[in-house]
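One structure below.
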Amino acid sequence: MPDPSNRTAVRVSCDTVASACAERVPRPSETDPLSRGMPAAFAETVRRSAPGPVADLGCGPGHVTARLADPGLSASGVDLPAGMVELARRAHPDPRFVQGSMTALGVGDGVLGGILARCSTHHTPPAELPLLFAEFRRTLAPGGHLLWGCRIGDEHRRPTRAYGHPVSCAWHPLPVERVAELLERAGLRVVARLVQESDEQSPRPSACPLARKD
């Protein structure tokens, strides 16, 4: 079962930094070509393989959710902090944004054509990831795809400040090989992955595995 104290810490910390995060998180058009390309490829893959709604989990200010809706997908955003959801609704009135947990999405089995989970699971303790990925598989339709993305590594951290505000939630980066292994164990076959090495703009490497529910 998920640790309720960790969930509370994540919710409170993310609500604390919501406004600052919304101001500083770049819109898709402002990111590098590779960071733009993976969600675009994901959207096209969903349209071709498993037409159905797409859930952007840990949607933050909703910029990517709105971008997913542009190619004609039915996209909605889900996030745990109420403050972040409200900011997303103000910025993007057309997509649907709801407050909720990734471990209990509140939709039926096999409903979703796609799930986007970028920069949204790094606060989840590794021991809880199998539960999370099982929920992703349950809600995906056969042929549906998951695009996961996050900073990768093996150095767990507990920062005390973010965006100039105090926070109390930990970061749990994992090697991309470990993430791929957990996805496969959950019944989500990894069909592609993009790894971006660290550079001057991004001091930590990141990865985007694309996985399919067969």
Side-chain angles (χ1 to χ4, degrees), residues 25 27-29 31 33-80 84-85 88-89 91-92 94-122 124 129-150 152 176 179-196 206-214:
V25 169
R27 295 176 180 270
S29 60
T31 60
L34 290 177
S35 297
R36 292 196 303 271
M38 285 302 284
F42 164 75
E44 183 174 352
T45 299
V46 171
R47 287 200 306 272
R48 292 187 176 190
S49 60
V54 173
D56 180 8
L57 306 183
C59 62
H63 302 332
V64 176
T65 315
R67 185 64 176 265
L68 288 173
D70 284 345
L73 292 176
S74 174
S76 60
V78 180
D79 216 328
L80 188 61
M84 191 69 79
V85 171
R89 289 170 177 166
H92 306 285
D94 289 336
R96 178 171 175 262
F97 294 98
V98 298
Q99 183 184 12
S101 170
M102 293 185 289
T103 59
L105 292 176
V107 300
D109 296 353
V111 168
L112 299 175
I115 291 174
L116 180 68
R118 294 188 74 193
C119 301
S120 57
T121 67
H122 51 275
T124 303
L129 286 176
L131 176 65
L132 194 66
F133 292 162
E135 177 70 351
F136 293 175
R137 186 186 188 283
R138 180 190 71 79
T139 56
L140 279 173
H145 284 78
L146 162 72
L147 180 62
W148 181 95
C150 205
I152 54 174
V176 65
V179 175
E181 177 186 359
L182 291 172
L183 290 171
E184 297 276 0
R185 287 186 179 181
L188 298 168
R189 179 169 57 89
V190 176
V191 296
R193 70 179 75 176
L194 170 70
V195 177
Q196 293 179 264
S206 61
C208 284
L210 178 68
R212 172 187 168 98
K213 176 181 174 179
D214 293 325

Side-chain atoms of residues 131-145: list all donor-acceptor pairs with protein atoms under 3.5 Å, sequence neighbours left out, distances to 0.1 Å.
| unit_1 | atom_1 | unit_2 | atom_2 | d |
| --- | --- | --- | --- | --- |
| E135 | OE1 | R138 | NE | 2.9 |
| E135 | OE2 | L105 | N | 2.8 |
| E135 | OE2 | R138 | NH2 | 2.9 |
| R137 | NE | G187 | O | 3.3 |
| R138 | NH1 | V107 | O | 3.0 |
| R138 | NH1 | D109 | OD1 | 2.7 |
| R138 | NH2 | V107 | O | 3.0 |
| T139 | OG1 | E135 | O | 3.0 |
| T139 | OG1 | F136 | O | 3.2 |
| H145 | ND1 | S49 | OG | 3.3 |
| H145 | ND1 | G143 | O | 3.2 |

**Complete:** So the ring pair (Phe, Tyr, Trp, His ring centres under 6.0 Å) pairs with at least one residue in residues 94-122 (sequence neighbours excluded) are H122-W171
**Request:** Would you indicate whether the side-chain heavy atoms of L182 and P130 approach each other to under 4.5 Å?
**Result:** yes
**Message:** Between L34 and L194, is there a side-chain heavy-atom distance shorter than 4.5 Å?
**Reply:** yes
**Request:** Quick one: pull up CZ in R89 and CZ in R96 and give me the separation to the nearest 0.5 Å.
**Result:** 8.5 Å
**Message:** Measuring from atom OG1 of T103 to atom CG of L129, what distance do you get when rounded to the nearest 0.5 angstrom?
**Reply:** 11.5 Å
**Asked** Which heavy-atom pair separates G149 from C208 by the least distance, and what is that distance?
**Response** CA-SG, 4.0 Å
**Item:** Pairwise side-chain contact, P61 with M84, heavy-atom cut-off 4.5 Å (strictly under)
**Value:** yes
**Request:** Return yes when atom CZ of R36 has more than 12 non-hydrogen atoms of other residues, nucleotides or ligands closer than 6.0 Å, and no otherwise.
**Result:** yes
**Asked** Do you know the tightest heavy-atom contact between P95 and A66?
**Response** CG-CA, 3.9 Å
**Asked** What are the two closest heavy atoms between G60 and A88, and how far apart are they?
**Response** O-CB, 3.6 Å
**Request:** With the side chain counted from C-beta on, respond yes when H63 and H92 share a heavy-atom pair under 4.5 Å apart, and no when they do not.
**Result:** yes
**Asked** Hey, are the side chains of R47 and L73 touching, using non-hydrogen atoms and a 4.5 Å cut-off?
**Response** yes
**Request:** Check the pair E184, V190 against side chain to side chain contact (heavy atoms under 4.5 Å, CB included), reporting the backbone distance first and the verdict last.
**Result:** CA-CA 7 Å; E184 297 276 0; V190 176; 3.7 Å; yes
**Asked** Taking the side chain as C-beta and beyond, is there a heavy-atom pair between V176 and P209 under 4.5 Å?
**Response** yes
**Residues in side-chain contact (heavy atoms from CB on, under 4.5 Å) contact with S35, at least two apart in sequence or another chain** = T31, D32, R118, Q196
**Asked** Of the non-hydrogen atoms in A211 and L188, which two are nearest, and what is the gap between them?
**Response** CB-CB, 3.9 Å
**Complete:** When every non-hydrogen atom of V46 is compared with those of G114, the smallest separation belongs to CG2-CA, 4.0 Å
**Prompt:** Among L147, L68, L112, I115, which residue meets the side-chain contact (heavy atoms from CB on, under 4.5 Å) test with V54?
**Reply:** L68
**Request:** Could you grab the distance from atom CG of L80 to atom OG of S120, nearest 0.5 Å is fine?
**Result:** 11.5 Å
**Expected output: side-chain D79 to main-chain V85 donor-acceptor under 3.5 Å** = no
**Complete:** Smallest heavy-atom separation, T65 atom then G77 atom, equals CG2-N, 3.7 Å
**Asked** Just how far is it from atom CD1 of I152 to atom OG of S206, taken to the nearest 0.5 Å?
**Response** 7.0 Å
